[in-house]
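Down below is the structure, laid out as structure tokens.
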Amino acid sequence: MTRDLILGTAGHVDHGKTALVKALTGTDGDRLPEEQARGMTIDIGFARLDLGDARLGIVDVPGHERFVKNMLAGATGFDLALLVVAADDAVMPQTREHLEILSFLGLRHGVVALTKADRADALTRAAVESEVRELVRGTFLAAAPVVATSARTGEGIDELKEELAAACRRVPPREGAEYFRLPIDRAFGVAGRGTVVTGSVASGSVAVGDELDWHAGDGAVERVRVRGLNSHGRAVETVGRGQRAAVNLAGVPLARVRRGQELAAPGYLVPSRVLTVRLFASPESPRSIRHRLPVRLHVGTAEVMAAVSLLDCDAVEPGRWGLGQLFLDRPVACVWGQPFVVRDASAERTLGGGQLLQPVAAKLRRRNLDALGRVERLWSEDDAERAAAAAWFAGSAGCTPVALVRGAGVAPDRVAPLVGESIAAGKLVALDSPHRRSILHAGRVTELEEGILQALAALHAENPLATTHDRPQVLARLDYAGDEALLQAVTDRLLAAKRLVGDARRIARADFEPKLSVRQRKLKDRIVAAHAAAGLRPPEPSDFVNHAGGNAAALADIFAVAAAEGLLVAVAAGLYLHAAAEAALRRTVAERLRAGPGATVAEIRDLLGTTRKYAIPICEYLDRIGLTTRDGDRRVLAME
Ligand SMILES: Nc1nc2c(ncn2[C@@H]2O[C@H](COP(=O)(O)OP(=O)(O)O)[C@@H](O)[C@H]2O)c(=O)[nH]1
Ligand SMILES: [Mg+2]
């Protein structure tokens, strides 16, 4: 089976990278007129090389120090590197810088070419080779073959191909499912077809006709459709990881496309201006990376100004690691574990690099040991531990399964089993609401449960007579800004666990001891039913004394509980109305008074179809609750 891999060049300007790519492939990567005029690579160029079982997309980068930013945009997709050093020259500044950048980007494989071998005698070659060996010691190229080549005479080109093929075999295959992602490095228009964007596919695959998210770099995400695909000049139906891809997009104006934007599977990426990172300061740099230092962040193909906030120290010394956050000028769309490079604000030197721990982060307080411990767990080898840490940071709102792919580096096909295992182990909790399934850290669910139980405890203390409370009224007491459905799901969990009693409408703490006995509650139901049937001519409390075993005090408690639960309304001493009758009464009177010049007690009595015995206390009640006021012998609506 043929494998697709991206090979990138690296090395100082004029050391023969572009000439070597041409000798290998026949393609001149210097495509811009300015590049051809100056004989110098400015932006990345592309070529293709077939090596039997490996198919290489080659990205040729500029070596000049002014164009390191372009080198970085190209280097984001490299699987292996071709480090170039001219045999008639020496290890130069960008030889070192490129090698270091590739290390920061996590490269593990490659080959070194000693170019322009035709211009160096055996002695010079040997001297440069030993210099190169010294350079690569301790790096990912330490064991890499060094091949002398000449683009002019063809010397070493076949041997280089063999070494490249061998290096490709050493690149371990990526296993498991992936979501599609393509950091855009170039865009152009094709007459009649519209906008085409190119890049090295970072993960997954995409087919013609698929929908993708286009991350336009300003935080906007638009759904677009793949109209056509091209890889190395040939139309194809799909492109996948390790391939150079040109994607023809429907409905994307060329003028809005920039290097640094991303194409990704719908919902996979979320743009963010705050990233949490583990940061390594370059041992080559004379300066440490200090708290608040402004830097240039290179991630994917994007380049963004950012301010460093260090979480566990005030400065990361050269050669050391630290934990920090980057506050960006504009949002980028990234994933957990993604490597990045930081350069100084004036783009003169590389300061360091590292990996993303939180591609979508909230500001963390510095030196907060609890948060730091959890940030560290985001770098665990164990994906379940990373997922638990990511879920904790998602707080009481929880997260979605795809957020664990993006934010904890869990493989898409691992998420469901991992979440299942973590739920069984009591580390995560899944809460289903009508719109979605949310995954919460078990500790966050406990926090929510405690909040609900405490809110109820307070309500019980305030209303010792009420056996249950209105669910929305309980939940409104919590300081919770998230999805209401989630809080309802937590309440249901408490009901299922029998820590609460109640139903979809009303709840109480299971340990709350209601004031009424079971018999008394039955009587309460009967009283409430009797009031419901009687409307505005309610029974008298004394009618029920016999049912209460002749105990008037117990009967008063029963009425008080019914009133506390909102089932009855006390209109006057010994006069209760059913809550529905009381509401209807207010509506009826308000309507009539709004329509006319007020009404006497007798008129209100007739309006309500009741008797004088009830009409007088009802009118006084309406005055008391502020609905009406007296005007001579008439009632009128009270002003606000
Ligand atoms: N004699 C000789 N000259 C070379 C060789 N490779 C490149 N050059 C020359 O060196 C210069 C720089 O080459 P180029 O490929 O543009 O270097 P790059 O900046 O690393 O891409 C050009 O003038 C090339 O013609 C080689 O193998 N032998
Ligand atoms: Mg070049």
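Numbering of ligands and ligand atoms starts at 1, following listing order.
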Seminar exercise, completed: Exactly one of Val274, Thr276, Leu372 clears side chain to side chain contact (heavy atoms under 4.5 Å, CB included) with Leu364, and that residue is Thr276
Problem set entry | Heavy-atom nearest neighbour in the protein, as seen from atom 1 (N) of ligand 1, with distance rounded to 0.1 Å | Asp118 OD2, 2.8 Å
Exercise. Does at least one non-hydrogen atom of Thr115 fall below 4.0 angstrom from an atom of ligand 1?
Worked result: no
Exercise. Glu97 pairs by salt bridge (Lys or Arg N to Asp or Glu O under 4.0 Å) with which of Arg349, Arg343, Lys69?
Worked result: Arg343
Exercise. To the nearest 0.5 Å, what is the distance between NZ (Lys22) and CG (Asp60)?
Worked result: 12.5 Å
Exercise. So which heavy atom on Val410 is nearest to which on Arg386, and how close?
Worked result: N-NH2, 4.4 Å
For this session: Rounded to the nearest 0.5 Å, what's the gap from CD1 on Ile58 to CZ on Phe46? Could you check?
Result: 12.0 Å
Exercise. Can you list the atoms of ligand 1 that are under 4.0 Å from a heavy atom of Thr18?
Worked result: 15 (O), 21 (O)
Seminar exercise, completed: To atom 3 (N) of ligand 1, the nearest of Met40, Arg152, Glu155, His15 on a heavy-atom basis is Arg152
Exercise. Can the positive tip of Arg278 be found less than 6.0 Å from the middle of the six-membered ring of Trp321, inside 45° of the ring normal?
Worked result: yes
Problem set entry | atom 8 (N) of ligand 1: nearest protein contact (heavy atom, Å) | Lys116 CE, 3.7 Å
Exercise. Between Asp60 and ligand 1, is there a nitrogen or oxygen pair with a distance under 3.5 Å?
Worked result: no
Exercise. Quick one: nearest non-hydrogen protein atom to atom 22 (C) of ligand 1, plus distance?
Worked result: Asp14 OD1, 4.7 Å
For this session: Mind checking the CG-CZ spacing from Asp4 to Arg48? Nearest 0.5 Å is all I need.
Result: 7.5 Å
Problem set entry | Angular separation of OG1 (Thr41) and OG1 (Thr18) seen from the Mg ion (ligand 2), to 10° | 90°
Exercise. Under 4.0 Å from atom 24 (C) of ligand 1, is there any protein heavy atom?
Worked result: no
Exercise. Considering only protein heavy atoms, which is closest to atom 7 (C) of ligand 1, and at what distance to one decimal place?
Worked result: Ala19 CB, 3.4 Å
Seminar exercise, completed: atom 14 (P) of ligand 1: closest protein heavy atom, distance to 0.1 Å, is Gly16 CA, 3.7 Å
Exercise. Can you tell me how far the CZ atom of Arg108 sits from the OG atom of Ser103, to the nearest 0.5 Å?
Worked result: 9.0 Å
For this session: Consider ligand 1: state whether an atom of it lies below 4.0 angstrom from any non-hydrogen atom of Ser150.
Result: yes
Problem set entry | Side chain Asp210, main chain Ala207, donor-acceptor under 3.5 Å | yes
Problem set entry | Contact check, Arg119 vs ligand 1, heavy-atom distance below 4.0 Å | yes
Exercise. Side chain or backbone of His12 under 4.0 Å from ligand 1, or both, or neither, by non-hydrogen atoms?
Worked result: backbone
Exercise. How close does the nearest protein non-hydrogen atom get to atom 27 (O) of ligand 1, and which residue and atom is it?
Worked result: Ala151 N, 2.7 Å
For this session: State whether the side chain of Glu129 and the backbone N or O of Val146 hold a donor-acceptor pair below 3.5 Å, judged by distance alone.
Result: no
Seminar exercise, completed: shortest atom 16 (O) of ligand 1-to-protein heavy-atom contact is with Gly39 O, 4.0 Å
